[in-house]
Number of protein chains: 2
Amino acid sequence: MILQKKKTFNDFAAAKGLRSTRQRDVILDMFLSTHQHVSVEDLYLKVKASHPGIGYATVYRTLKLFAESGLAREILLHDGQTRYEHVLAGEHHDHLVCTGCSAIIEFEDATIEKLQEEIALRHGFQIRSHKMEIYGLCADCSAKGQA
Amino acid sequence: MILQKKKTFNDFAAAKGLRSTRQRDVILDMFLSTHQHVSVEDLYLKVKASHPGIGYATVYRTLKLFAESGLAREILLHDGQTRYEHVLAGEHHDHLVCTGCSAIIEFEDATIEKLQEEIALRHGFQIRSHKMEIYGLCADCSAKGQA
DNA sequence: GTTTGAATGAAAATGAATATCAAAAGCACA
DNA sequence: TGTGCTTTTGATATTCATTTTCATTCAAAC
Ligand SMILES: [Mn+2]
Ligand SMILES: [Mn+2]
Ligand SMILES: [Zn+2]
Ligand SMILES: [Zn+2]
């Protein structure tokens, strides 16, 4: 699993003629050990804890490379912070975002995806990507709100 | 139509105890005379042309008020600029965004909206808002790409 | 008219993302 | 293993949209 992902990135790097560096190895390890939806700041702090020499800009640049390699996906929610999440092969999902506690719930809906394609077709539009986010209160937060 | 919208804002302002100012009147008129999806910068320039005294910050603040009053909707596409669009009573739509020419096509799909509600229900999630954007190439741009 | 607090506008501050550039490091080749 | 060339890095500066600050102006209640 993790080895497979490292291979994905190494193949990408090789194909692009990128050099292999200690920094990129460390950042990749750290990214693979995180859970969903890390902000650049989050990951930077995590990296800095064990490798204080690694700079901010490098984390930014490297995460962009991960996204480009297909390893990660960049997501922009409504808080002005870019986040990155793991991309599982052939999988796609969208998000429920709690405005109370910032929890993010993932979901997949094949019917919606299909309908999106039909809409695009109807407008002669070629889909390259899409985003769909539902904002509101998660179960916990709406329970608390009423208590 | 326009009178109705002015009333919407005036009622909101009254309810909130906001004062009525020349600036807000001008900005409202200008906003109502624009077409879809104005950026703050766009509107500021338009306002400045006839009312050079009105400041940047006031346009920002006032557009936020319009959104709060239900008159306008804030939309954040992937170009780092907040835009505002008119809200027609009881209407909702989403966007197809062309990454070639920046054209924005609006669409509505009741089935998708319904499915979103079902998904939320399944997760005990209370929807407050949602966004759905499809990025890609519009008919014109994909035709040009092939030519 | 006077008073009082909200609104305004110019300018400064913020904050995320990107660019700059000298120093460090990877890598091909001898 | 060393040399030379090029990429990468990291500290810092810069950019750009947005927000904040704060002295001044103004709306509106008295
Ligand atoms: Mn996710
Ligand atoms: Mn629209
Ligand atoms: Zn929550
Ligand atoms: Zn186009």
Side-chain angles (χ1 to χ4, degrees), chain A residues 9-10 12-31 37-69 72-84 102, chain B residues 9-31 37-69 72-85 102:
Chain A
F9 183 67
N10 290 334
F12 166 83
K16 262 214 139 187
L18 301 181
R19 292 181 179 173
S20 111
T21 70
R22 190 183 53 84
Q23 288 87 336
R24 296 212 264 239
D25 285 348
V26 169
I27 296 169
L28 181 51
D29 278 339
M30 291 292 188
F31 177 66
H37 317 120
V38 224
S39 71
V40 186
E41 175 82 14
D42 286 345
L43 193 63
Y44 169 65
L45 292 175
K46 202 167 143 75
V47 164
K48 204 175 65 165
S50 55
H51 296 77
I54 294 181
Y56 219 86
T58 301
V59 176
Y60 265 93
R61 288 187 282 232
T62 305
L63 281 171
K64 284 223 170 289
L65 285 178
F66 292 170
E68 207 184 328
S69 77
R73 182 159 73 123
E74 208 174 275
I75 51 184
L76 290 91
L77 304 180
H78 276 191
D79 68 344
Q81 281 221 301
T82 301
R83 291 169 185 280
Y84 289 85
S102 301
Chain B
F9 183 68
N10 291 334
D11 289 352
F12 165 82
K16 261 214 139 187
L18 302 180
R19 292 183 179 172
S20 110
T21 71
R22 190 183 53 84
Q23 288 87 335
R24 296 213 263 237
D25 285 347
V26 169
I27 296 169
L28 181 50
D29 279 339
M30 291 291 187
F31 176 67
H37 316 120
V38 224
S39 71
V40 187
E41 174 83 15
D42 285 346
L43 193 63
Y44 169 66
L45 291 175
K46 203 166 140 75
V47 164
K48 203 175 66 165
S50 55
H51 296 78
I54 294 181
Y56 220 86
T58 302
V59 176
Y60 265 94
R61 289 188 278 232
T62 306
L63 281 171
K64 285 224 169 288
L65 285 177
F66 292 170
E68 207 185 328
S69 77
R73 182 160 73 122
E74 207 174 275
I75 49 184
L76 289 91
L77 304 180
H78 277 189
D79 68 344
Q81 281 221 299
T82 301
R83 292 169 185 281
Y84 288 85
E85 68 178 352
S102 300

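From a predicted model like this one, the values you see are computed outputs, not experimental measurements. The chains referred to below are lettered A, B, ... by the order of the sequence lines, with proteins before strands, and numbering in each begins at 1.
- Each of R24(B) and V40(A) was assigned the nucleotide of DNA chain C with the nearest heavy atom; the assignment lying further toward the 5' end belongs to R24(B).
- The nearest pair of heavy atoms linking R24(A) to F66(A) is O-CZ, 4.3 Å.
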Table please: side-chain donor-acceptor pairs of residues 47-56 of chain B below 3.5 Å, with sequence neighbours left out.
{"from": "Y56(B)", "atom 1": "OH", "to": "E41(B)", "atom 2": "OE1", "distance (Å)": "2.3"}

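- Scanning both residues, F12(B) and L18(B), for their nearest heavy atoms gives CE2-CD1, 4.1 Å.
- From the 5' end on, the contacts that DNA chain C makes with chain A at under 4.0 Å to a non-hydrogen atom open and close at dA16(C) to dC27(C).
- A distance of 7.5 Å separates CG of N10(A) from CG of D25(A), quoted to the nearest 0.5 Å.
- Contact annotation for K64(B): backbone-only contact, meaning every heavy-atom pair under 4.0 Å involves sugar-phosphate atoms and none involves a base.
- In this structure, the separation between CD1 on I27(A) and CZ on R22(A) is 9.5 Å, given to the nearest 0.5 Å.
- In terms of the side chain to side chain contact (heavy atoms under 4.5 Å, CB included) criterion, residue partners of D42(A) (sequence neighbours excluded) are, by chain and number, V38(A), S39(A), R83(A).
- Atom OH of Y44(A) is separated from atom OG1 of T62(A) by 13.0 Å, given to the nearest 0.5 angstrom.
- I75(A) CD1 to H37(A) NE2: the interatomic distance, rounded to the nearest 0.5 Å, is 4.0 Å.
- Residue contacts shown for Y56(B) include a base, since a base heavy atom lies under 4.0 Å away.
- Scanning for side chain to side chain contact (heavy atoms under 4.5 Å, CB included) contacts around D29(B) gives K6(B), with sequence neighbours left out.
- Among the heavy atoms of the strands lying under 4.0 Å from Q81(B) are primed sugar atoms or P, OP1, OP2 only; no base atom is included.
- L63(A) and Y84(A) make their closest contact through O-CE2, 3.5 Å (heavy atoms, listed as atom of the first residue, atom of the second, distance).
- Of the residues in residues 10-22 of chain B, those with a non-hydrogen atom less than 4.0 angstrom from any atom of DNA chain C are L18(B), R19(B), T21(B).
- Comparing T82(B) and Q23(B) by the nucleotide of DNA chain D whose heavy atom lies nearest to each, the residue mapping closer to the 5' end is T82(B).
- The footprint of chain B on DNA chain D, defined by a heavy-atom cutoff below 4.0 Å, extends from dA17(D) to dA28(D).
- If I54(B) and G80(A) are placed on DNA chain C by their nearest nucleotide, the residue sitting closer to the 5' end is I54(B).
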